[in-house]
Amino acid sequence: MTANIVSYSNKDVATVFDAIADLLEIDDANPFRVRAYRNASRTMENLDDEALSMIEQGRDLTEVPGIGKELAAKIETIVATGTVKALEELQQKIPAGVVEMLRLPGLGPKKVKTLYQDLGVTSLEQLDAAAAEGKVQALPGMGARTEEQIRKAVAARVATGDRILRAEATPTVERVLDVLKQAEPRAKLTVAGSYRRSRDTVGDLDILAVSKKPETLMDAFVAMDGVADVQAHGSTKSSVRLNAGLQVDLRVVARASFGAALHYFTGSQAHNVAVRRRAQKMGLKLNEYGLYRGEKQVAGATEIDVFEALELTYVEPELREDAGEIDQAEEGGLPKLVAQKDIKGDLHAHSTASDGRNSIREMATAAREQGYTYLAMTDHSKRLTVANGLDEGRIEAQMEEIDAINATLDDFTILKGIETDIMDDGSLDISDDVLSRLDIVVASVHHRFKLSREEQTERVMRAMDNPYFNVLGHPTGRILLEREPYEIDIPRIIAHAAERGCCLELNANPLRLDLHEKYCRQAMEQGVLISVNTDAHSTQQFDNMVHGIGQARRGWLEKKHVLNTRSLPQLRKLFKAMRG
DNA sequence: GCCGTTTTCGGCCCGACTGTTTTCAGTCG
């Protein structure tokens with residue numbers, strides 16, 4: 001046995017395939033070959049089973065849709081070595097910095113190739129310098145405008161990253177809709193794109209409008225405050241980049257096309273491709289103006305019409321990722337997704353006792369205003385000294401305080417809880433005696449993020465074995481755009497939770513949205529309940545539930561799959577069973 | 001590179017806007 005057994009995950013395979021696709025594009029390969037790699041990358045990322053274990057079990061990778069003989073062989077090589085010859089050869093041919101240029105808006109594979117081959121540019125810095133010196137406009141197919149665009153794009157790239165939190169984009173969405181509404185009060189306005197699909201982060205914003213005066217809307221749009229750069233300004237489509245770096249697209253269509261346009265503009269691209277292919281097979285053509293048989297529009301005014309004409313039930317935006325939703329829609333088997341109104345209470349919240357901003361009573365009042373019937377107070381426990389975590393004595397005092405407040409409430413209940421720390425060895429940092437007297441125990445990892453996958457997984461599984469353990473808090477510890485999840489085998493955790501009968505949290509904090517949708521779906525399939533909690537540290541943060549619900553819906557969860565859609569008596573019964 | 005109730009070869013979603021062109025390629029979503 002060697003000391004360092006390294007294996008590579010589906011995620012690594014996806015990364016390699018994407019890199020190959022980028023390089024192939026620049027190398028002027030067959031676009032459909034490029035697409036095959038892109039599709040395979042997406043497929044691998046969403047695949048439930050790890051390729052490595054599939055291979056070990058002797059399963060045939062070509063059974064996975066979009067994976068043929070060639071790609072299956074490459075996957076085998078990648079999971080063993082982390083790379084593959086095809087990638088290495090392309091990397092020899094094309095330097096890494098060239099790929100980075102591909103990410104700039106306005107630059108695609110053809111121009112990047114020209115810049116690289118004719119000017120020898122291999123980094124953003126070199127590109128900017130070449131543009132500054134006027135070398136770019138001398139190239140075939142490029143002019144002064146291209147050069148100017150490149151300089152702006154490089155500056156914007158340096159200033160801002162790629163994507164922003166969905167929650168962070170919300171004020172911009174509201175502001176843009178407001179500007180457009182004022183310009184043309186009769187316009188029908190909708191936000192589409194990944195924002196409408198409730199993705200955790202968004203790369204740009206897509207606004208759709210129905211209006212008889214498209215020019216009025218377009219003019220107001222490109223002239224609005226905060227526009228740094230107008231990238232396109234047409235009669236039905238415009239595109240701007242805001243000062244903050246975010247790109248916003250506006251599309252205007254006629255009423256008869258609204259549904260088709262909304263569907264098209266909502267995406268995802270992969271979903272659109274799959275639906276259009278279905279239309280094609282039925283002898284129809286789907287575009288943003290409608291669904292057509294020859295010249296005749298057969299649907300398009302509403303999304304429901306379009307789906308119906310394609311013999312599909314309505315697909316909620318959150319499910320439109322080409323992840324099996326089309327097959328299910330054909331069979332009428334799509335889930336009835338959980339909604340905010342189904343939530344009866346929040347099971348993870350903090351007060352001033354640890355690091356929260358509001359008292360228990362204030363938190364309870366705010367939770368009640370959300371329409372909830374219960375709230376679990378789960379302050380931090382003693383190991384987390386920076387958050388003024390509670391020891392056993394303070395927990396007992398808090399239990400008494402909660403009893404006293406509950407005595408004054410008639411239609412609302414505060415549950416006694418704790419967010420206990422999972423220690424290095426998988427024990428919990430509060431004694432079983434005290435845990436046994438609480439209504440709910442949320443347990444979380446707050447330190448030692450760098451353990452190996454095996455160690456971290458074992459640690460958390462041991463914590464779950466504690467008889468008073470109810471919910472695993474923010475199971476992977478990810479912070480969006482900031483911190484990767486720690487190494488942990490979530491499918492194993494899910495299997496263990498199924499055995500043990502305990503729950504996983506979907507933390508609704510927009511920075512976390514942890515558990516990821518993919519694992520929500522896996523948990524659901526194995527009968528593990530998900531608790532959608534805000535982890536509120538102030539009364540305002542109860543509003544974060546909407547983000548958690550969005551992620552839950554992306555994870556195909558129905559009301560019955562979510563712990564805190566249960567009434568209080570049902571909840572108590574479940575907790576009792578967990579301890580039984 | 002994948003895929004097949006029209007095909008094992010020849011297809012592979014579809015259209016708007018821009019810039020550099022004189023009729024269209026490139027890019028984007």
Side-chain angles (χ1 to χ4, degrees), chain A residues 17 20-21 24-26 28-41 43 61-75 84 86 101-115 136-150 153 192-197 202-208 214 218 222 229-241 247-253 257 260-261 263-292 310 322:
Chain A
F17 283 171
I20 291 176
L24 281 176
E25 267 197 305
I26 298 170
D28 212 12
N30 177 347
F32 297 106
R33 197 173 155 219
V34 174
R35 187 153 92 191
Y37 276 101
R38 296 241 186 263
N39 281 341
S41 170
T43 300
L61 289 170
T62 62
E63 279 168 20
V64 179
I67 305 297
K69 262 182 77 177
E70 291 281 325
L71 290 179
K74 287 188 169 71
I75 292 169
V84 69
M101 294 196 270
L102 209 52
R103 309 260 173 272
L104 294 179
L107 286 191
K110 301 286 189 279
K111 284 184 183 166
V112 166
K113 190 184 184 194
T114 304
L115 288 163
V136 171
Q137 55 176 300
L139 296 174
M142 300 193 215
R145 297 296 299 273
T146 311
E147 201 166 74
E148 191 189 325
Q149 245 190 13
I150 286 174
S194 52
Y195 188 91
R196 180 165 181 245
R197 301 200 313 279
V202 297
D204 63 6
L205 293 177
D206 305 293
I207 311 287
L208 177 66
M218 291 300 170
V222 299
D229 197 19
V230 178
Q231 281 161 340
H233 184 182
S235 59
T236 68
K237 183 181 169 181
S238 293
S239 184
V240 300
R241 196 172 46 76
Q247 182 175 318
V248 189
D249 298 339
L250 172 64
R251 189 77 185 255
V252 185
V253 297
S257 296
H263 178 259
Y264 152 74
F265 223 18
T266 296
S268 66
Q269 199 170 359
H271 170 88
N272 286 352
V273 169
V275 172
R276 284 176 177 192
R277 186 176 293 147
R278 179 183 178 86
Q280 222 180 22
K281 280 186 188 155
M282 293 172 72
L284 303 166
K285 186 176 73 170
L286 178 62
N287 59 30
E288 57 263 54
Y289 299 108
L291 184 65
Y292 295 87
L310 291 169
D322 190 25

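Lettering follows sequence order; numbering is per chain, from 1.
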Classify [X] by what it touches in the nucleic acid, base, sugar-phosphate, or nothing, heavy-atom distance under 4.0 Å.
{"X": "A:A261", "answer": "nothing"}
{"X": "A:S239", "answer": "nothing"}
{"X": "A:P65", "answer": "sugar-phosphate"}

If the [atom1] atom of [N] is compared with that of [M], how far apart are they to the nearest Å?
{"N": "B:dC17", "M": "B:dT23", "atom1": "C1'", "value": "16 Å"}
{"N": "B:dT20", "M": "B:dT27", "atom1": "C1'", "value": "14 Å"}
{"N": "B:dC12", "M": "B:dT6", "atom1": "C1'", "value": "16 Å"}
{"N": "B:dG15", "M": "B:dG10", "atom1": "P", "value": "25 Å"}
{"N": "B:dT21", "M": "B:dG26", "atom1": "P", "value": "12 Å"}
{"N": "B:dT22", "M": "B:dC14", "atom1": "C1'", "value": "26 Å"}
{"N": "B:dC2", "M": "B:dT7", "atom1": "C1'", "value": "14 Å"}

Rounded distance in Å - [atom1] ([X]) to [atom2] ([N]):
{"X": "A:R35", "N": "B:dG10", "atom1": "CZ", "atom2": "P", "value": "19 Å"}
{"X": "A:K74", "N": "B:dG1", "atom1": "NZ", "atom2": "C1'", "value": "8 Å"}
{"X": "A:R38", "N": "B:dG1", "atom1": "CZ", "atom2": "P", "value": "15 Å"}
{"X": "A:K281", "N": "B:dT5", "atom1": "NZ", "atom2": "C1'", "value": "11 Å"}
{"X": "A:L286", "N": "B:dC12", "atom1": "CG", "atom2": "P", "value": "16 Å"}
{"X": "A:N39", "N": "B:dC3", "atom1": "CG", "atom2": "C1'", "value": "12 Å"}
{"X": "A:L61", "N": "B:dC3", "atom1": "CG", "atom2": "C1'", "value": "17 Å"}
{"X": "A:L284", "N": "B:dC14", "atom1": "CG", "atom2": "P", "value": "11 Å"}

Should A:R33 be listed as having a side-chain N or O under 4.0 Å from OP1 or OP2 of B:dC12? no
At less than 4.0 Å, is any side-chain N or O atom of A:N287 found next to OP1 or OP2 of B:dG15? Yes or no. yes
So how far is it from [X] [atom1] to [Y] [atom2], rounded to the nearest 0.5 Å?
{"X": "A:R38", "Y": "A:L24", "atom1": "CZ", "atom2": "CG", "result": "9.0 Å"}
{"X": "A:Q247", "Y": "A:D229", "atom1": "CD", "atom2": "CG", "result": "9.5 Å"}
{"X": "A:K113", "Y": "A:E25", "atom1": "NZ", "atom2": "CD", "result": "12.5 Å"}

By the rule that syn is within 90° of 0, classify the base conformation of B:dT7 as syn or anti. syn
Given DNA chain B, 5'-ward residue of the pair A:T146 and A:Y289, judged by closest heavy atom: A:Y289
Identify, between A:K69 and A:E147, the residue whose nearest nucleotide on DNA chain B lies closer to the 5' end. A:K69
Paired with B:dG1: which nucleotide, if any, by Watson-Crick or G-U wobble criteria at under 3.5 Å for both distances? B:dC12
Please list every donor-acceptor pair under 3.5 Å in which a side-chain atom of residues 28-37 of chain A meets a protein atom from a residue at least two apart or in another chain.
| unit_1 | atom_1 | unit_2 | atom_2 | d |
| --- | --- | --- | --- | --- |
| A:D28 | OD1 | A:K110 | NZ | 3.2 |
| A:N30 | OD1 | A:F32 | N | 2.8 |

Using a cut-off of 4.0 Å between protein heavy atoms and nucleotide atoms, how would you tag nucleotides 23-29 of chain B 5' to 3' with B, S and -? ---SSSB
Choose from B:dT20, B:dC17, B:dA16 the nucleotide whose nearest atom is closest to any side-chain atom of A:R145. B:dT20
Can a donor-acceptor pair be found, under 3.5 Å and without considering hydrogens, that links the side chain of [X] to the backbone of [Y]?
{"X": "A:R251", "Y": "A:A261", "result": "no"}
{"X": "A:E147", "Y": "A:V136", "result": "yes"}
{"X": "A:E288", "Y": "A:Y264", "result": "no"}

Side-chain touch A:D249/A:K237, heavy atoms, less than 4.5 angstrom: no
Considering only heavy atoms from C-beta outward, does the side chain of A:V202 approach that of A:S194 to under 4.5 Å? yes
